[in-house]
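What follows is a single structure, written as structure tokens, with notes after it.
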Amino acid sequence: MQTGALRSVARKVRDEVAPLQGLIGFRAYRRLQARPRYCEGSVMFRGRRLRYSDAEGFAHSLVEIYRQQVYLFDDRTGSPHIIDAGANIGLSVLYFKDRFPRASVVAYEPDEEIFDMLADNVGQLPDVTLHRAAAWIADTELTFYRERSLAGSVAADFDGRGDKVKVPAVRLRDEITKRRVTFLKIDIEGAENEVLFDIADVLDNVERLFFEYHSVAGDRQRLGQLLNLVTERGFRFVINGTHGPGLPFVESARFGFDLQCNVFCYRNLPN
């Protein structure tokens, strides 16, 4: 192979690996790349072996949570109370506990198989409480579409491949009212459109709120209402990480939803 071609290959490998540099080793990254979609596996990360349900989803979450640090916040006490609705395999919980070893975390994950991975990955950490249930507006049972990666949902079968199962659901509002919440993370694949309205009048008990917004193609969009809701509860907000059709006038929505974005809600807290 000529020098120019070698350089091109080296540059391609470097660009692919760069987002995960310092997170997992090169060989581990290559093994992740070689795994088929929705195939369970494990990888060494930060001195512990983590189970994952889907290599592509795991790599995406690893970059988003540990490289981009979308859940980064400061807390003067060093022992924040965190609610994680939609914990998946537990990378977010692990991040919170790495940053704040004395944090208390309450986490929800309705998919039974993914919950088993969550329990194996972070269930042994101190002050971590795990609920195999969907965060919802009532204590009930819901139909859940199992996608086996990051998009399992009670709201919609986003990519058309989800298996329908019944899962327990618990009212998130009840947990929020128990004590002051330093950080509330809601990433529940469309169910935020119901849950946020149910918890609106107890959001005064929350210092910081992160939610991932989804609008299901064909359903009423509620982002404007949700932004009004958090504003009325005293938050300012920032929106980023927007995903949707690049040319929405001529392109159809992918995977069943036509808008996804991260909404960061914060108060002007004292220094």
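With respect to the salt-bridge test (charged N to carboxylate O, under 4.0 angstrom), the residues Glu207 and Arg180 qualify. In this structure, Arg173 pairs ionically with Asp201, as a charged nitrogen and a carboxylate oxygen lie closer than 4.0 Å. Between Arg37 and Glu56 a salt bridge is recorded (basic side-chain N to carboxylate O distance below 4.0 Å).
Arg146 pairs with exactly one of Glu112, Glu189, Glu113 by the salt bridge (charged side-chain N to carboxylate O under 4.0 Å, His left out) rule, that one being Glu113.
Within 6.0 Å of atom CZ in Arg236, 12 or fewer heavy atoms from other residues, nucleotides or ligands are found, so the atom counts as exposed in its surroundings. Residue Gln68 places its CD atom among more than 12 non-hydrogen atoms of other residues, nucleotides or ligands, all under 6.0 Å distant.
A distance of 12.0 Å separates CD in Glu175 from CD1 in Ile199, rounded to the nearest 0.5 Å. With rounding to the nearest 0.5 angstrom, the CG atom of Leu50 is 11.0 Å from the CG atom of Leu118. Between Asp127 atom CG and His81 atom NE2 the span is 10.5 Å, to the nearest 0.5 Å. The distance from the CG atom of Leu94 to the OH atom of Tyr66 is 3.5 Å, given to the nearest 0.5 Å.
Under the 4.5 Å side-chain criterion, counting only non-hydrogen atoms from C-beta, Arg51 is in contact with Asn121. Residues Leu32 and Ile24 meet the side-chain proximity criterion, which asks for heavy atoms closer than 4.5 Å. Put simply, the side chain of Cys265 reaches to within 4.5 Å of the side chain of Phe211, judged on heavy atoms. Residues Ile176 and Ile83 are in side-chain contact: their nearest non-hydrogen atoms beyond the backbone lie under 4.5 Å apart. The closest side-chain heavy-atom distance from Arg179 to Ser104 is below 4.5 Å. Residues Val230 and Leu209 have side chains in contact (heavy-atom distance under 4.5 Å, counting atoms from C-beta outward).
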Donor-acceptor contacts, no H, no angles, side chain residues 191-198, under 3.5 Å, sequence neighbours left out:
from   : atom 1 : to     : atom 2 : distance (Å)
Glu192 : OE1    : Gly190 : N      : 2.8
Glu192 : OE2    : His214 : N      : 2.7
Glu192 : OE2    : His214 : ND1    : 3.3
Asn193 : ND2    : Gly190 : O      : 3.0
Asn193 : ND2    : His214 : O      : 3.1
Asp198 : OD1    : Arg171 : NH2    : 2.9
Asp198 : OD2    : Arg171 : NE     : 3.0

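Ring centroid separation for the pair Phe73 and Phe264 does not come in under the 6.0 Å cut-off. The aromatic ring centroids of Phe183 and Phe210 lie 6.0 Å or more from each other.
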Audit row: Leu229, Leu203, side-chain contact (heavy atoms from CB on, under 4.5 Å) steps and yes/no: CA-CA 10 Å; Leu229 183 157; Leu203 283 177; 3.6 Å; yes
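When all heavy atoms of Phe144 and Pro110 are compared, the pair lying nearest together is CE1-CG, 3.5 Å. Of all heavy-atom pairs between Ser149 and Ser53, the closest is CA-OG, 3.9 Å. Considering all non-hydrogen atoms of both residues, Cys261 and Thr242 come closest at CB-OG1, 3.7 Å.
At least one donor-acceptor pair under 3.5 Å links the side chain of Thr177 to the backbone N or O of Asp174.
For Tyr71, the side chain to side chain donor-acceptor pair (under 3.5 Å) test picks out no residue, with sequence neighbours left out. Scored by the side chain to side chain donor-acceptor pair (under 3.5 Å) test, Asp74 finds Arg99 as partners (sequence neighbours excluded).
Side chains of Gln221 and Ser215: a donor on one and an acceptor on the other come within 3.5 Å.
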